[in-house]
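Report on one structure; see the data block that follows.
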Amino acid sequence: MKIIPFGEKKYENSCVLLLGYFDAMHIGHRKLIADAKQIAIREGIETGLMTFTGAKKGGQVFVFEERLRLYRETGIDFVYPAEFNSEFRNMSGEEFLRQVTDQMNVKEFVCGEDYRYGKNAESGIKELSEFCKEKSIALYAERLVEYGGEKAAASEAKRLLDEGNVEALEKLLGGKYFISGNVSTEGRRVGTRIGFPTANIHPQVGKYPLRQGVYAVWAEIDGKKYKGIANYGARPTFEDMRIVLEIYFVGYEGNLYGKELTVYFDYFLRENRKFSCAEELQAQLKKDLEKLK
């Protein structure tokens with residue numbers, strides 16, 4: 001999968017280009033990508049996906065580096081990211097489309113029927129359709145995929161993150177919610193002292209927060225799957241109010257410091273709470289482990 005930044009070198013290969021943000025990669029996004037790939041296969045051309053590197057207001061369900069993993073899994077040929085800066089935000093809809101078609105050899109655009117673009121989201125399907133007719137470019141605007149009677153949307157994914165309902169979120173996303181990052185070398189080593197050595201990951205800047213609490217999780221380490229329990233949020237027992245993902249993996253013995261790790265969430269276990277001492281925390285962690293399925 002190639003990465004071709006917006007506004008840089010011209011890309012000559014004919015393509016179907018997906019328009020949108022694709023930040024949550026929910027079932028609606030996945031349907032759009034599948035349909036675009038079918039068109040591309042039929043026409044014998046490439047499938048490209050446009051997205052943005054900057055965060056939306058309030059954050060992204062998956063940050064750009066995490067989304068690249070998901071995009072790669074769909075089998076698209078290239079990602080076309082734009083930096084969501086002031087220059088881009090102030091670009092008119094017409095100017096945006098002309099820049100895209102000057103750089104890309106687009107044979108067909110694919111988007112959702114509610115797609116908006118240009119400064120202040122001034123343009124929509126009507127303007128896009130008129131532009132495509134002018135340029136002899138095909139347009140496929142897909143009806144929105146529903147979830148729970150409403151359109152599948154990143155806003156719904158964020159609501160479920162607020163609730164910590166990662167099981168319902170999995171159905172909306174069409175796959176497990178996850179957090180990726182490098183295991184921090186910082187730490188008090190308290191977990192090791194009480195028999196629960198942990199790996200700490202600081203969520204990347206721009207990632208929408210999850211409800212604070214303890215979750216059942218898993219990760220693949222050195223080709224093997226390990227279940228675990230993870231505390232997302234502050235660590236009040238040790239008066240550490242920084243937001244961190246702290247994971248204990250059952251049966252893992254080794255050093256994870258500095259390694260990149262992707263942690264998948266299965267279900268919510270309990271609220272965060274402050275314990276009177278490390279030994280009380282140790283007793284609770286043993287109870288948490290008994291709840292793992």
**Message:** Both conditions, 6.0 Å and 45 degrees, for the charged tip of Arg211 above the ring of Phe268: are they met here?
**Reply:** yes
[X]-[Y] side chain donor-acceptor pair, cut-off 3.5 Å:
X	Y	answer
Lys2	Tyr11	yes
Glu46	Asn13	yes
Thr198	Glu246	yes
Glu73	Tyr71	no

**Asked** Mind checking whether Phe6 and Tyr80 have parallel, tilted or perpendicular rings, split at 30° and 60°?
**Response**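 Because their plane-to-plane angle lies in the 30° to 60° range, the rings of Phe6 and Tyr80 count as tilted.
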Within a strict 4.5 Å, meaning less than it, do heavy atoms of the [X] and [Y] side chains meet?
X	Y	result
Phe109	Cys132	yes
Val79	Met1	yes
Tyr232	Ile243	yes
Asn231	Gln212	no
Asn105	Glu12	no
Arg67	Thr51	yes
Asp222	Tyr252	yes
Leu289	Tyr248	yes

Could you report the tightest heavy-atom contact between [X] and [Y], atom names first, then the distance?
X	Y	value
Thr53	Pro81	CG2-CB, 3.9 Å
Gly93	Ser123	CA-OG, 3.8 Å
Leu172	Ala152	CD1-CB, 3.9 Å
Ala40	Thr47	CB-OG1, 3.1 Å
Gly112	Ile125	O-CD1, 3.7 Å
Val183	Ala199	CG1-CB, 3.8 Å

**Partner residues of Glu260 under the side-chain contact (heavy atoms from CB on, under 4.5 Å) criterion, sequence neighbours left out** = Asn182
Could you tell me whether the side chain of [X] and the main chain of [Y] form a donor-acceptor pair under 3.5 Å?
X	Y	result
Asn165	Leu160	no
Gln103	Pro5	yes
Arg30	Met25	yes
Asp23	Gln60	no
Lys133	Ala138	no
Thr101	Leu97	yes

Presence of salt bridge, [Y] and [X], under 4.0 angstrom:
X	Y	answer
Asp162	Lys158	no
Glu220	Lys225	no
Lys126	Glu130	yes
Glu122	Arg116	no
Lys227	Asp266	no

Are [X] and [Y] connected, step by step, through hydrophobic side chains (Ile, Leu, Val, Met, Phe, Trp, Tyr) whose heavy atoms are closer than 4.5 Å?
X	Y	result
Val110	Ile41	no
Val250	Leu269	yes
Val63	Leu245	no
Tyr117	Val106	yes
Phe84	Tyr115	yes

Measuring from [X]:[atom1] to [Y]:[atom2], what's the distance to the nearest 0.5 Å?
X	Y	atom1	atom2	value
Glu290	Lys287	CD	NZ	8.5 Å
Leu261	Ser180	CG	OG	8.0 Å
Cys15	Ile39	SG	CD1	12.0 Å
Ile33	Phe22	CD1	CZ	5.5 Å
Lys207	Glu65	NZ	CD	10.5 Å
Tyr226	Ile247	OH	CD1	14.5 Å

**side-chain contact (heavy atoms from CB on, under 4.5 Å) between Lys171 and Ile27, worked out** = CA-CA 8 Å; Lys171 295 175 182 176; Ile27 53 176; over 6 Å; no
**Message:** Working note: Cys111 + Leu139, criterion side-chain contact (heavy atoms from CB on, under 4.5 Å); need CA distance, chi angles, decisive distance, verdict.
**Reply:** CA-CA 8 Å; Cys111 61; Leu139 171 62; 4.2 Å; yes
**Leu292 vs Ile229, side-chain contact (heavy atoms from CB on, under 4.5 Å): CA-CA, chis, key distance, verdict** = CA-CA 8 Å; Leu292 292 184; Ile229 50 177; 3.9 Å; yes
**Any pair counted as ring-ring contact (aromatic ring centres under 6.0 Å, His included), so long as it reaches residues 154-179, sequence neighbours left out** = Phe62-Tyr177, Phe62-Phe178, Tyr177-Phe265, Phe178-Tyr264
**Asked** Does atom NZ of Lys10 have more than 12 heavy-atom neighbours, drawn from other residues, nucleotides or ligands, at distances under 6.0 Å?
**Response**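 Yes - once you tally the heavy atoms of other residues, nucleotides and ligands closer than 6.0 Å, there are more than 12.
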**Request:** Walk me through it: do Arg159 and Glu163 pass the test salt bridge (charged side-chain N to carboxylate O under 4.0 Å, His left out)?
**Result:** CA-CA 6 Å; Arg159 186 186 69 79; Glu163 295 177 355; 2.5 Å; yes
**Asked** Centroid-to-centroid, Phe96 to Phe88, below 6.0 Å?
**Response**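 Yes, the ring centres sit under 6.0 Å apart.
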**Request:** Show your working on side-chain contact (heavy atoms from CB on, under 4.5 Å) between Leu68 and Ile3 and close with a plain yes or no.
**Result:** CA-CA 9 Å; Leu68 287 178; Ile3 299 177; 3.9 Å; yes
**Request:** Any pair with a residue in residues 86-115 that passes salt bridge (charged side-chain N to carboxylate O under 4.0 Å, His left out), sequence neighbours left out, goes on the list, sorted by first then second residue, please.
**Result:** Glu94-Arg98, Arg98-Glu134, Asp114-Lys151
